[in-house]
Amino acid sequence: MNPETLPVKNIIEAALMAAENPLTINQMLVLFEEENRPEGKLVRDVLSELQTECEGRGIELKEVASGFRYQAKQDYAPWLKKMWEERPPRYSRAFLETLVLIAYRQPVTRAVIEEIRGVAVSSHIIKTLSEREWIKVGGHRDVPGKPALLGTTKKFLDYFNLKSLSELPTLAEIKDLESKGNELEKQLQLEEQEVGQNSEIEIEGSV
Amino acid sequence: MNPETLPVKNIIEAALMAAENPLTINQMLVLFEEENRPEGKLVRDVLSELQTECEGRGIELKEVASGFRYQAKQDYAPWLKKMWEERPPRYSRAFLETLVLIAYRQPVTRAVIEEIRGVAVSSHIIKTLSEREWIKVGGHRDVPGKPALLGTTKKFLDYFNLKSLSELPTLAEIKDLESKGNELEKQLQLEEQEVGQNSEIEIEGSV
Amino acid sequence: MEQEPNKMDNSVIPEAIVNASAESTALPASMIAKVLGAPIMELPQDLYIPPDALEVFLDTFEGPLDLLLYLIKRQNIDILDIPLAKITHQYIEYIELMVTLRLELAAEYLVMAATLAEIKSRLLLPRADSLDEEDDPRAELIRRLQEYERYKQAAHDLSELPRLERDIYIAHSEPPNLKVDRPLPKVELQELLLAFKDVLKRIDLRAHHFIEREPLSIRERMTEILDRLRSKEFLKFEQLFTVKEGRAGVVVAFIAILELLKGSLIELVQTEPLAPIHIRTAS
């Protein structure tokens with residue numbers, strides 16, 4: 001390449017990278033003072049050179065409707081998307097209580113869970129639990145309204161690494177949880193605060 | 001280069017280009033699934049290769065306080081700045097002096113800044129510095145009133161293209177008065193004569 | 001901001017200042033200002049700044065230390081050799097002018113005037129033959145001036161560093177099309193059990209029977225049976241038992257069926273005596 005075109009190429013490369021939007025050839029031309037302004041043809045040559053130079057690299061120079069822009073190659077999307085992944089949100093207390101009551105009291109209707117917890121069970125929680133395939137409707141109770149009977153799934157057992165429900169602790173064992181529990185609980189609270197500050201999709205009590 | 005490292009290089013190039021902020025080596029490592037995660041050393045090698053590849057081009061790969069970033073080479077700023085209509089912000093001397101005192105003396109209280117500059121610190125300046133996230137409160141001094149201890153952030157270093165505080169220009173040395181002590185008296189006498197001759201206004205001993 | 005004040009036009013001045021002061025004060029026309037109670041009839045000669053520029057000029061100073069530094073630098077003097085009488089003299093002239101022109105004057109400027117006057121008077125006192133550093137009344141002032149000057153210089157140096165928005169432009173490229181996964185929340189079993197413990201604590205004892213009635217193995221079997229009935233309308237009674245499970249398993253299955261019957265969740269169907277028993281979901 002002609003040495004005189006080198007600065008033109010570098011300026012155009014830098015401009016395309018620094019620009020907030022794609023650049024048209026005209027927009028590239030006006031970066032140069034009139035007396036040093038390259039021909040449109042030179043700019044086109046430079047662009048195709050820059051394009052060639054992207055071969056075998058992580059980025060490419062593309063022409064889109066509003067001009068030229070550099071973009072990361074699609075091949076690398078699986079790695080790059082990690083930069084935009086959010087921290088997993090946390091489930092609310094209401095969610096966990098509903099789930100654990102379904103586990104221990106299955107097959108169970110919403111009405112029974114409401115009676116035990118003393119508050120209405122949110123449809124959103126039931127929906128989220130079903131979407132995660134942790135609970136399923138096992139049948140309907142033969143009373144007016146035919147309420148669904150909820151139970152846990154194999155997926156639920158797998159997630160918590162249980163072979164069967166009977167591996168869950170008994171009520172008596174749960175009450176003994178206290179001693180070990182305090183520390184964990186404290187830690188969980190801390191984490192919750194932290195998550196509350198950082199996470200944008202906080203799942204609230206309403207879930 | 002080993003062909004197996006090629007994707008690593010491309011992924012890292014693409015990630016650095018697509019990222020919204022500078023990336024640390026750790027942030028680059030977690031883009032890879034654990035089983036395919038390269039060694040930190042390989043990433044460092046890749047980075048220095050990418051750095052070398054920028055030679056003769058319009059951009060450079062620079063390490064600043066919060067990680068690595070691609071940036072246009074400064075040589076091309078005169079052309080690039082035409083892409084923005086607004087002029088870059090100018091900072092007043094009061095702003096810069098407050099900022100350097102926080103940078104060089106951190107952790108530092110407002111009182112110390114006021115003592116050195118000989119004037120009150122403007123709350124507006126402190127607010128602007130905090131809003132830009134160039135300074136932060138790093139704690140409180142354990143004296144009455146618990147004044148905040150101010151320090152600078154990585155964002156401040158990033159803005160000034162620096163990797164660490166140690167890259168800030170060195171401070172001028174304080175000269176010693178001792179060497180001058182003996183001459184003082186003679187000089188005072190001279191000076192008094194001079195002032196006596198030239199002055200048209202008598203200054204009284206106290207204000 | 002970085003203009004050099006002493007480059008200002010020096011041809012204009014005296015009359016302008018007199019006019020300005022006449023407008024703004026009740027002083028006799030011939031008197032410019034009162035300095036420390038003494039009337040000033042003439043302008044100090046080393047001041048040559050037009051009054052409308054004075055305000056701008058003063059704005060360029062970051063405080064009394066900055067003004068003092070300017071006065072010293074203007075004469076090409078090392079700070080260590082500060083000619084205190086002269087500098088004090090000039091400094092107070094500026095202050096007076098500011099007062100005369102009714103410019104808003106930060107208190108710090110007046111404090112410095114007093115400090116200078118005090119140092120000067122101490123220098124004039126009779127003293128011992130030799131003077132070392134601790135005795136030099138100027139020492140503290142010189143230290144402050146030097147300290148301020150180094151940060152003033154550092155601020156200047158900082159503003160010369162390449163910086164974003166002015167010299168450095170971040171190079172970036174568009175990310176590829178990304179389908180960003182929304183990670184699902186994670187739950188620890190321990191967390192789940194703690195939630196349960198909370199529920200147990202909260203509900204009254206009477207309500208415990210809701211939960212405590214049957215062991216989990218039976219509850220699990222109940223769900224399993226209901227599950228099987230969902231895909232088939234009818235199940236043969238004996239299909240609900242597996243020999244492989246042994247006696248305990250059979251008992252679990254049997255109790256589960258009884259519980260389901262009791263809760264009207266399933267029905268037993270027998271078309272005629274001694275015919276096979278079927279179960280189906282209650283309808």
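Excluded from the calculations below are hydrogen atoms, water molecules and symmetry mates; all remaining heavy atoms, backbone and side chain alike, are included.
Within the 4.5 angstrom heavy-atom criterion, atoms from both the backbone and the side chain of A/Phe32 approach chain B. Contact of B/Leu16 with chain A is not made at all, since no heavy-atom distance falls under 4.5 Å. There is no contact between A/Ile12 and chain B, counting heavy-atom distances below 4.5 Å. With a threshold of 4.5 angstrom between heavy atoms, B/Gln27 does not approach chain A through any atom at all.
Contact count against chain A (heavy-atom pairs under 4.5 Å) is highest for B/Glu13 among B/Glu13, B/Met17, B/Lys82. Counting heavy-atom pairs closer than 4.5 Å to chain A, the top-ranked of the candidates B/Gln71, B/Lys81, B/Glu20, B/Lys73 is B/Glu20.
When every heavy atom of A/Ala14 is checked against every heavy atom of B/Gly58, the shortest pair comes out as CB-O, 3.6 Å. The heavy-atom pair separating A/Ala18 from B/Met83 by the smallest distance is CB-CE, 4.0 Å. Taking every heavy atom of both residues into account, A/Pro7 and B/Tyr76 meet most closely at O-CE2, 4.4 Å. Across every non-hydrogen atom of A/Ile11 and B/Leu80, the tightest pair is O-CD2, 4.0 Å.
Under a cut-off of 6.0 angstrom, the local environment of CG in A/Asn161 is sparse, with at most 12 non-hydrogen atoms contributed by other residues, nucleotides or ligands. Other residues, nucleotides and ligands contribute more than 12 heavy atoms inside 6.0 Å of the CD atom of A/Glu35. More than 12 non-hydrogen atoms from other residues, nucleotides or ligands lie less than 6.0 angstrom from CD of A/Glu131. For B/Glu86, the CD atom counts as loosely surrounded, since its 6.0 Å shell holds 12 or fewer non-hydrogen atoms of other residues, nucleotides or ligands. By the 6.0 Å contact criterion, CG on B/Asp142 is open, its count of non-hydrogen atoms from other residues, nucleotides or ligands being 12 or less. Atom CZ of A/Arg110 has more than 12 heavy atoms from other residues, nucleotides or ligands within 6.0 Å.
Judged purely by atom type and a 3.5 angstrom limit, A/Asn10 has no side-chain atom pairing as donor or acceptor with the backbone of B/Ile59.
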- Query: Given the rule in the side chain to side chain donor-acceptor pair (under 3.5 Å) test, do A/Trp79 and B/Glu33 qualify, once you have shown the distances and angles that lead to the verdict?
  - Reply: CA-CA 9 Å; A/Trp79 289 268; B/Glu33 297 294 339; over 6 Å; no
